[in-house]
Amino acid sequence: MVNDLRTKLWRRRNSPILAIAFMVVSVLLIILTNSQIALGQASRSPTTEPPSPKPGLQIDTSVLGGWFSNSPPSIAREDVRLDGRKLFMIATPQLTESNQANQTPNPLRVDIIEERLQSLAQRKFDPDTLRVFSDLDRSSRQPILYVRYSDGKSEQQDELMTVTDLDAQLHATDSEALATELAQVIEAALIRARQERQPAFLKQQVIWAAGILITMMLSSLLIFTVQRRLKHQRSQLKARGQANQQQLSHPVDATDTAGTPRISTALLQQQMDNRQKKGVNDIQRRLLQFLQLVIWIGGSFLMLGLFPYSRWLQAIAISWLEIPVKIFGIFLGSYLLVRFSEVLIDRFFLVLQDSTSFAPEVSQRTVLRFSTFSRVGKSILALLIVGSAVITALSVVGVQVGPLLAGAGIIGLAVSFASQSLIKDMINGFLILLEDQYGVGDVIIVGDVSGLVENMNLRITQLRNEEGRLITIPNSSIAIVQNLSKEWARVDLQVSVAYHANMDQALAVIEAVAQEMSGDRPWKDLILEKPLLLGIDKLDHMGATIRLWIKTQPLKQWEVAREYRRRLKLAFDQAGIPIGIPQQSLSVSNPAELEDELDALTKKHRPSGEVKPPSTPTS
């Protein structure tokens, strides 16, 4: 039953991936159904009676041959095509230095042959009268291919090409045998080209094109529906992540439904789990976008190959898109690899968290370290993957990567002098992680700034202060760190009591309130040890200051302190113990002399002509 439940949960969580796989398989089946693959190899002789072309998808896989071969041939070669379909290969002459200097190269041999084949395919000849044969030229001793046909009025004969010794060397045979094979290939190709231009065949191809277009639209609609669901799921994950981040930024206000304060360990685990789900969601959305692109580009490519008038555009599109598609594939693969690695790293640390069983404070510290190492590990791995993708893309473009990597050492040495601060940041960041000075989720004080560690890598540390400001600190500038949340925290209370209060009574009330609070739920889960009353710490104009220590869980000292102050105020009011108030005393030595000085000042500053008011007699 447990296995069945796990299977159902797996299917539910991975239903978008299953849908994507189903659509990919469907597209491949559509492509392969009723397809006729024309390999176009001259070494394979067709039958004497070439089969009539069947309406449907006709895929010429030879257009992709250059994508998987980077080795330069010993003989310059070109593909001869008819209606975009590869027929055979021939040797081509190289441009001479004089032609290159004058910028007037001779017409390529392959262009001349293709132009003659295209002209023959567009003529209205009788396929039953078409014959392609070879005749040996007496002067050059090389076979020449001719095409003979009837157009209904008269018989025509055209010269097509000469089979040279280089052609024979290219195909590892003699010229006469190669001429016989090429004659059969060309004859079958011309008959097929003529039949493909018939109205009945074109009508069937139009129906196929409409079917492909409808399939593309339905597939896009299905993908759009799945994308909307994934987008809604991402918005929910984003809102949940913001809520978790807000609770981590204000850990003293985080409570569960029962009113029990929630510790940071659970919040960090939820944050890592939410981050893992977001990574899976991103992978699914990117795969759907890529599948959408493949459907429309692949469908358009297939529709071009349905008609002989547009099939030649396939070869042009392949030649133009060869390098961009390779580069796009490299960076798409690197992006997916980065995302998959992030998901695997998060999953790995989540499994480690579930497998650890320590004391609460040690477990919390372990979760903080796991979260920090997860972030740093993902950034390092992403940097390595992107660097490898850039080097691979440069090699695809044609850049010599070997000398570039050899010079990278010298360049790196020069750059290291200009980026000493960056190197110091990374070294200090590594030492901070190694020594566990702080991690993501800790509350620290660095110099004049303080806040929650929201993000950390080998270069920088980002803090979120109480006002919501994001503070970025280079790791090299961090010298002294005050960690307020590592392992445990302490409430340091200083209570001022008036001088005329009963000090023994005040000490007893302060300690009794602390002991009572440490035994009540939920506060006894947050207070780790028995509260320690230190006694009267100092005497000043405020009164007598009594000091109390309460050891708490990390990040819970502020919450415990606020609740204790509330209880202590109620206890002081009930016991009639006054708090300390600033006091000052003023003493006068001789009141009569002070009155005479005030009268003198009054007469001096009284305006002229003003009548002095009569003094009120005193009894």
Side-chain angles (χ1 to χ4, degrees), residues 5-24 219-293 332 335-354 364 367-368 370-372 374-375 377-379 382 440-441 452-456 462 464 468 470 555:
L5 181 59
R6 290 180 178 176
T7 304
K8 292 180 180 179
L9 290 176
W10 184 88
R11 290 177 179 176
R12 183 176 180 180
R13 291 179 179 178
N14 298 274
S15 56
I17 298 179
L18 296 176
I20 295 172
F22 175 75
M23 286 185 287
V24 171
S219 302
S220 298
L221 182 60
L222 178 60
I223 292 175
F224 178 74
T225 303
V226 179
Q227 283 178 333
R228 287 189 59 184
R229 191 181 70 174
L230 291 176
K231 187 176 181 181
H232 179 68
Q233 181 183 0
R234 178 174 174 78
S235 62
Q236 291 180 342
L237 293 173
K238 185 177 180 181
R240 193 181 307 167
Q242 291 176 352
N244 289 340
Q245 187 62 41
Q246 186 177 5
Q247 289 179 347
L248 283 173
S249 301
H250 304 83
V252 295
D253 296 330
T255 58
D256 58 13
T257 57
T260 304
R262 194 182 299 163
I263 63 175
S264 301
T265 303
L267 292 177
L268 288 173
Q269 287 179 342
Q270 292 177 7
Q271 190 181 43
M272 291 186 65
D273 184 66
N274 189 71
R275 192 162 58 239
Q276 180 192 5
K277 292 179 180 178
K278 285 178 63 177
V280 175
N281 184 275
D282 289 338
I283 293 174
Q284 293 172 349
R285 291 190 303 112
R286 294 295 179 264
L287 285 176
L288 285 176
Q289 293 174 358
F290 175 70
L291 183 59
Q292 188 87 277
L293 186 65
L332 176 65
Y335 172 80
L336 294 177
L337 188 59
V338 168
R339 288 298 186 182
F340 273 116
S341 63
E342 290 178 352
V343 172
L344 291 177
I345 289 175
D346 286 336
R347 185 59 184 168
F348 173 74
F349 283 106
L350 283 175
V351 171
L352 286 182
Q353 291 178 20
D354 295 337
Q364 183 183 23
V367 172
L368 291 175
F370 282 168
S371 178
T372 304
S374 173
R375 291 173 181 265
K378 287 188 291 187
S379 61
V440 176
L452 175 76
V453 180
E454 189 172 285
N455 184 28
M456 179 186 177
Q462 291 182 319
R464 182 78 66 177
L470 184 64
L555 300 178

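Just so it is clear, the values below take in all heavy atoms, side chains as well, and ignore hydrogens, waters and symmetry mates. If you read the sequence from its start, that first residue is 1, and numbering goes on from there.
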A.B. asks: If you measure from CZ on Arg339 to NZ on Lys278, what distance do you get to the nearest 0.5 Å?
C.D. replies: 9.0 Å

A.B. asks: For Leu470, give me all partners under side-chain contact (heavy atoms from CB on, under 4.5 Å), at least two apart in sequence or on another chain.
C.D. replies: Glu454, Gln462, Arg464

A.B. asks: The criterion is side chain to side chain donor-acceptor pair (under 3.5 Å); which residues satisfy it with Ser220, sequence neighbours excluded?
C.D. replies: Gln292, Trp296

A.B. asks: With sequence neighbours left out, what residues match Leu332 under side-chain contact (heavy atoms from CB on, under 4.5 Å)?
C.D. replies: Phe290, Phe328, Leu336

A.B. asks: By salt bridge (charged side-chain N to carboxylate O under 4.0 Å, His left out), which residues pair with Arg234, not counting sequence neighbours?
C.D. replies: Asp282

A.B. asks: Enter the distance from Asn281:CG to Gln236:CD here, rounded to the nearest 0.5 Å.
C.D. replies: 10.0 Å

A.B. asks: With heavy-atom distances below 4.5 Å as the criterion, would you say the side chains of His232 and Ser235 are in contact?
C.D. replies: yes

A.B. asks: Would Gln233 and Leu230 count as a side-chain contact (heavy atoms from CB on, under 4.5 Å) if you check the C-alpha gap in whole Å, the side-chain angles of each, and the deciding distance to 0.1 Å?
C.D. replies: CA-CA 5 Å; Gln233 181 183 0; Leu230 291 176; 3.7 Å; yes

A.B. asks: Among residues at least two apart in sequence or on other chains, which ones pass side chain to side chain donor-acceptor pair (under 3.5 Å) with Lys378?
C.D. replies: Asp346

A.B. asks: Just how far is it from atom CZ of Arg285 to atom CD1 of Ile223, taken to the nearest 0.5 Å?
C.D. replies: 14.5 Å

